[in-house]
Every structure is written in C-alpha cells, then in structure tokens.
Amino acid sequence: QVRLTESGGGSVQAGGSLNLTCVASESSYSNYCMGWFRQAPGKEREGDATLTLDGRPNYADSAKGRFAISKDTAKNILYLRMTGLKPDDTAMYYCAADVINSICEPTTTWREDLFTFWGHGTQVTVSS
C-alpha cells in the first residue's frame, strides 16, 4: 500500500504560479498511474491531470496550457506545475494513485472513486 503526501500549496495572486509535489512512500511507485484532483468548497472533487504508466500526461480542458504533470521516478515524486492561476483554481489539491492504468487514460471526467490511494491534500488559494 502506498502513502501519498502532498505539499507546495499556498496563497498567490491571479496570474501567479505554484509547484505542487506528491511524495510516494514506496519504490513501487513506478507501478501506479497517478493523478491530481481538486476540490473546491461545496463542489465535487474533479481531476486536473493524470499520468499513465508509460508517462503520458493527460489534462482536463481547464488545465490544458496552464498545468503540467510530471514525475521523478527515482525520487518517488509526482509534480504539478501550475501557471496562470485564476481565483477559480482555489481548492484543496490531492494526488491519487492506482495500479489500474486505464483509469488514468484520457477521458472527459476521471472517476475519483476508481483511485485507491489518496493523499490528504494541499490548499491552493488564488486571490484576484
């Protein structure tokens, strides 16, 4: 079982950038497909980006061109580089993992209930 720990959130002004990190607890991290999700107050959790086992990034329409997902397998770290942040991006951000690669494939909406492992989240607040 893998434990995930996010960090890197904070408060920024609109147009700013943040780099989120998610550290996995075990070296078999490379056997998981990974994703970044957000949950704003009063809203359902939704996916921003995923990374399949072969390293292909996939993005929600709202994240395309602004966010970049990547990983450092040697360090067991998943990243989310966020630029051009907007007040609507204010949310708790979570990383998630699962061994079933297909759930990370491109889709209209990633199903959060299919991801087995979750971190506790890191807060991102964007002011106008």
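- With hydrogens and angles ignored, the 3.5 Å screen pairs a side-chain donor or acceptor of E6 with a backbone N or O of H120.
- Minimum interatomic distance between L18 and L85 (heavy atoms only, all atoms of both residues): N-CD1, 3.9 Å.
- Annotation: side chain of V124 is in contact with side chain of M82 (closest heavy-atom distance under 4.5 Å).
- In summary, K64 and D61 engage in a salt bridge, as defined by a charged side-chain N under 4.0 Å from a carboxylate O.
- Salt-bridge annotation for D113 and R111: present, with a side-chain N of the basic residue lying under 4.0 Å from a carboxylate O of the acidic one.
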Quiz item: Between T52 and N101, is a side-chain hydrogen bond (donor to acceptor under 3.5 Å, both in side chains) present by the stated rule, with each step listed?
Solution: CA-CA 6 Å; T52 53; N101 189 57; 4.6 Å; no
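- In this structure, V12 and S17 have side chains that are not in contact, with every pair of non-hydrogen atoms separated by 4.5 Å or more.
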Self-check item: Evaluation steps, salt bridge (charged side-chain N to carboxylate O under 4.0 Å, His left out), between D54 and R56
Solution: CA-CA 6 Å; D54 60 357; R56 286 182 293 119; 2.9 Å; yes
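- For CG of L114, the number of neighbouring non-hydrogen atoms (other residues, nucleotides, ligands) closer than 6.0 Å is greater than 12.
- Close placement of the W118 and F37 rings is indicated, their centers lying within 6.0 Å of each other.
- T50 and N58 form a side-chain donor-acceptor contact under 3.5 Å, judged by distance and modelled atom types alone.
- Judged by distance alone, with hydrogens and angles left aside, the side-chain atoms of Y59 form a donor-acceptor pair with the main-chain N or O of I69 at under 3.5 Å.
- Considering every non-hydrogen atom in both D98 and I100, the closest pair reads OD1-N, 2.9 Å.
- Counting only distance, with no hydrogens or angles, the side chain of W36 and the backbone of Y79 share a donor-acceptor pair below 3.5 Å.
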Quiz prompt | side chain to side chain contact (heavy atoms under 4.5 Å, CB included) assessment of C104 paired with F115 | solution = CA-CA 9 Å; C104 290; F115 285 82; 3.7 Å; yes
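- With hydrogens and angles ignored, the 3.5 Å screen pairs no side-chain donor or acceptor of R3 with any backbone N or O of S25.
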